[in-house]
Amino acid sequence: MKILLLEDDIELCSSIQDELQKAGYVVDCCHDGETAMLHALNIEYCYDLAVIDRMLPIIDGMTIIKAMRRKGIAIPVIIITGMSALNDRIEGLDNGADDYLVKPFHIPELLARIRALVRRPAEIRQETCTCFSDLSFNQAEHILSCGTNSLLLTARESEVLSVFISRPQSLISREQLIYKIWGTDTDIVPGNVDNYISFLRKRLKELGSICEIKTIYGSGYRLETKNAE
């Protein structure tokens, strides 16, 4: 799992990063709000969770969280801050954070909160449909719908489609698909990934959808509406 860590205290940031990496997470760090904003809003980095210091220099953490939510970036966010007043906590949670941890804190507690949050979105996704353009996708039941037409996908087709429909109009490389679906310890070849893309294209055609999975040669694929610029 990949975590974005935004903390201006370099010593504290390094300490948190070390502990997160020991726990098996991949961690990117930023120490000022301007750099942090660029990372937080770039969905190509494929972050699964963000830990954000509220009082960052240049651009504060709350502004970054609001910008993420406006862009539709729904990954879990934990605010870490020295601001412990009740109104501060309420403001943070009301403006897009999923959890609020007051400094100083113990790293094991941060790790426990991360584990709790990364479980929660998976449970929520099982109960809801994801939509893009004329498509509606129920991942729990593996059902892809377009208007009044529906198809039952295979489990693997569902996993591949879920990556695309959760990040529509975004470039997704073969490597990203392999990492998200099969993990790092896999011997799957790129041709197998292409096969699943081909299967999904046939599904979209069967449904009569205006969406397509477009090949971006040399880079990967993108789910978009036909004739999109």
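All heavy atoms count here, side chains included; hydrogens, waters and symmetry mates do not.
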Atom of [X], atom of [Y] and distance for their closest heavy-atom approach:
X      : Y      : answer
Tyr25  : Arg115 : OH-CG, 3.8 Å
Gly92  : Ile79  : CA-CD1, 3.8 Å
Ala40  : Ile64  : CB-CG2, 3.7 Å
Ile181 : Arg156 : CG2-NH1, 3.3 Å
Ser133 : Thr225 : OG-CG2, 3.3 Å
Gly208 : Asp134 : O-OD2, 4.3 Å

Let me see the working for Ile3 and Asp28 under side chain to side chain contact (heavy atoms under 4.5 Å, CB included), right down to the final yes or no. CA-CA 6 Å; Ile3 294 177; Asp28 286 348; over 6 Å; no
[X] with [Y], same ILVMFWY side-chain cluster at under 4.5 Å:
X      : Y      : value
Leu117 : Ile107 : yes
Ile216 : Ile213 : no
Leu171 : Leu161 : no
Val26  : Ile75  : no
Phe105 : Val27  : yes

Close side-chain approach of [X] and [Y], heavy atoms under 4.5 Å:
X      : Y      : result
Leu49  : Ile114 : yes
Glu7   : His31  : no
Leu153 : Phe199 : no
Ser158 : Phe137 : yes
Tyr221 : Val163 : no

List the steps and the verdict of salt bridge (Lys or Arg N to Asp or Glu O under 4.0 Å) for Glu91 and Arg54. CA-CA 11 Å; Glu91 183 183 10; Arg54 182 165 177 170; 2.6 Å; yes
Does atom CD of Glu34 have more than 12 heavy-atom neighbours from other groups under 6.0 Å away?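 No, the 6.0 Å shell around CD holds no more than 12 heavy atoms from other groups.
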How far does [atom1] of [X] sit from [atom2] of [Y], to the nearest 0.5 angstrom?
X      : Y      : atom1 : atom2 : value
Cys30  : Leu38  : SG    : CG    : 8.0 Å
Ile210 : Cys146 : CD1   : SG    : 7.5 Å
Ile172 : Tyr179 : CD1   : OH    : 14.5 Å
Ile65  : Met37  : CD1   : CE    : 10.5 Å
His39  : Leu5   : NE2   : CG    : 11.5 Å
Ile80  : Leu12  : CD1   : CG    : 6.0 Å

Stepwise side chain to side chain contact (heavy atoms under 4.5 Å, CB included) check, Ile52 with Leu4: CA-CA 8 Å; Ile52 301 178; Leu4 176 62; 5.9 Å; no
If we ignore hydrogens and angles and just use 3.5 Å, is the side chain of [X] paired with the main-chain N or O of [Y] as donor and acceptor?
X      : Y      : result
Ser162 : Glu159 : yes
Asp99  : Ile78  : no
Ser209 : Cys211 : yes
His142 : Asn138 : no
Asp53  : Leu56  : no
Glu157 : Thr154 : yes
Arg69  : Ile73  : yes
Asp60  : Met55  : no
Asp48  : Lys2   : yes
Thr35  : Asp32  : no

Can you find a side-chain donor-acceptor pair between Ser15 and Asp18 that sits under 3.5 Å?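 Not at all, the side chains of Ser15 and Asp18 share no donor-acceptor pair under 3.5 Å.
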So, Ser198 versus Asn195: side-chain donor-acceptor pair below 3.5 Å or not? no
Start with the C-alpha distance between Thr215 and Arg201, add both sets of side-chain angles, then the distance that settles side-chain hydrogen bond (donor to acceptor under 3.5 Å, both in side chains), and finish with yes or no. CA-CA 11 Å; Thr215 298; Arg201 284 172 172 159; 2.6 Å; yes
For Glu212, is there an ion pair with Lys214 - N to carboxylate O distance below 4.0 angstrom? no
Salt-bridge criterion met for Glu109 and Arg113 (N-O under 4.0 Å):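 A salt bridge is present here (some side-chain N lies under 4.0 Å from a carboxylate O).
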Write out all pairs satisfying ring-ring contact (aromatic ring centres under 6.0 Å, His included) with one or both partners inside residues 47-95, taking only residues at least two apart or from two chains.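 Every pair satisfying ring-ring contact (aromatic ring centres under 6.0 Å, His included) with a residue in residues 47-95: Tyr45-Tyr47.
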Val102/Arg89 under side chain to side chain contact (heavy atoms under 4.5 Å, CB included): CA gap, chis, key distance, verdict: CA-CA 9 Å; Val102 177; Arg89 295 171 183 263; 3.2 Å; yes
Show your reasoning for whether side chain to side chain contact (heavy atoms under 4.5 Å, CB included) applies to Ile143 and Leu151. CA-CA 6 Å; Ile143 295 175; Leu151 286 172; over 6 Å; no
